Amino acid sequence: MASNSFQPIQGMSDIAPPDVYIWQMLEARAREVFARYRFEEVRTPVLEKTSLFTHSLGDTTDVVTKEMYRLQDRGGRDLSLRPEGTAGSVRYIASGGEETANARIYYIGPMFRCERPQAGRKRQFHQIGLEAAGAPNPLADAEVIALQINLLSAWGLEGAKIRLNTIGLPEEREAVLEGLREAIRPRLAELPEDAQQRFETNVLRLLDSKDPAVQAVIADAPSVTELLSAESRAYLDTVVETLRGLEIDVEIDTSLVRGLDYYVHTVWEVVHGGLGAQNALSGGGRYRIQIDNKTIDGVGFAMGVERMIAALEASGVTADQFPPKPAVFIASLGEAALKENLLLMQTLRQRGVACEMELTNRKIKAQMKRANKIGAATVIIRGDSELENGTFVVKNMGEGTQQELELPELMDLMGKGGG
RNA sequence: GUGGGUAUAGCUCAGUUGGUUAGAGCGCCAGAUUGUGAUUCUGGAUGUCGCGGGUUCGAAUCCCGUUACUCACCCCA
């Protein structure tokens, strides 16, 4: 029943069984893939100084200006729940000097943005992300993209597409923006009002507008790539060639832009058809972030876990395909057996067998029913007569067969994986 | 921040033009001769009809507010 007092706050949810199994699968396989590519986990705090985000993401971006959970602590410090993972990772990288200058790290955890929830968008959402610090190098960008593709296939996702583009260097940004404005200005009147505003505040955003009127004007404007320097174009070309050399085929999408200020050179997105309006599973790119007098270069991506799960479900991969290991169930008959079975359960658990038992004197029928429900592969039945004989009835639930064993035989069987 | 849809049992949902004790399926509990599950049969329990107010002789049903869910815009993972 939907009672307000039992519900999490807006845009946040409990992740419980059976849903949690697919989360565990995703995280476990991600850790395997990251380890293979030699990345290590770093767990940064969820709460950071607000200034970290305003400086690295850009103090006029929507994420910073209207989507952060921002608060003051008791000492009056201005803090924010992290809206993304790169800023904190980069702070960590910057904190380590030479030790972390070329860090290869990953993170798994919750992010927070106070927006209106919709399909694929929660206020507390989760990302699995990765950062490879180091000076710009197209080979590094290609390696990270290759890793990401490997990750998607480890998760069993089909039908995802990578859109790749470049946005060049900060020093040429102004020239790009001016070039775009010049091309659009003569037809400014054709644009709807909100687009005209974006013309002033964020021309790049017009490129990926969904509005047909905007698209018509953009179609005739030069692409970002055309406005960039030869060096920046060459950088992108090398990324693409390197990927082709790794037998990874990517397509360049010149309408792709990013909403955060820190990006330079390569940017990309993984999109999937089964998701509704928020169709990006992942955003990635190369960045350059200043913290105090330090500049951190790196390349990375973040995958939205909720969106990833939605995409997997759209392609037939669901949580109930990853249930926990089937358990052994112990059924008791009578007070004396119940007590003895507690000790048996303790012993089995200490030997690594996942097991469960009924702690009341319920009828055996009800106990068998429960064992069946939790998916126990084996039920050990012990009542008064077994107690007298020193034996255990062991039932194989899959086949419906059962045998009566003595303790050494039982332990032997359990040692082989719980029956 | 703006706009649309929704809210009835643990779950999925039905509920006629406002009318008497609000229903179904699944699940749960119990029974179908001895201490054995998943099938079958029989019986049983469970609802502040999201919450608050209003209209009415009478509201799950109409109106207003509110909270949450959901979808889209904006933006983003």
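By convention in this document, chain letters (A, B, ...) are assigned in the order of the sequence lines, proteins followed by strands, and residues within each chain are numbered from 1. All figures in this text were calculated on a predicted structure; none of them were measured in a lab.
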Engineer: Cut-off 3.5 Å, side chains only: do Glu172(A) and Ser232(A) have a donor facing an acceptor?
Structural biologist: yes
Engineer: How would you label the contact of Met397(A) with the nucleic acid (heavy atoms, under 4.0 Å): base, sugar-phosphate, or nothing?
Structural biologist: base
Engineer: Taking pairing as Watson-Crick or G-U wobble with both contacts under 3.5 Å, can you name the mate of rU46(B), or confirm there isn't one?
Structural biologist: none
Engineer: What nucleotide, of rA32(B), rA72(B), rG35(B), holds the atom closest to the side chain of Ser385(A)?
Structural biologist: rG35(B)
Engineer: When rounded to the nearest Å, what value does the distance between P atoms of rU8(B) and rU61(B) take?
Structural biologist: 13 Å
Engineer: Base, sugar-phosphate, or nothing: which does Gly85(A) touch, judged by heavy atoms less than 4.0 Å apart?
Structural biologist: nothing
Engineer: Is it the case that the ring center of Tyr287(A) lies less than 6.0 angstrom away from the ring center of Tyr262(A)?
Structural biologist: yes
Engineer: Are Gln402(A) and rU36(B) close enough that a side-chain N or O sits under 4.0 Å from OP1 or OP2?
Structural biologist: no
Engineer: Report which part of the nucleic acid Arg113(A) touches: base, sugar-phosphate, or nothing (heavy-atom distance under 4.0 Å, all strands).
Structural biologist: base
Engineer: Do the side-chain N and O atoms of Glu313(A) and Thr318(A) include a donor-acceptor pair separated by under 3.5 angstrom?
Structural biologist: no
Engineer: Would Arg258(A) count as a cation-pi partner of Tyr263(A), with NZ or CZ less than 6.0 Å from the six-membered ring centre and within 45° of the ring normal?
Structural biologist: yes
Engineer: Considering every strand shown, what is the Watson-Crick or G-U wobble mate of rG3(B) when both distances are under 3.5 Å?
Structural biologist: rC71(B)
Engineer: Can you check the Arg116(A) CZ to rG4(B) C1' distance for me, whole Å?
Structural biologist: 11 Å
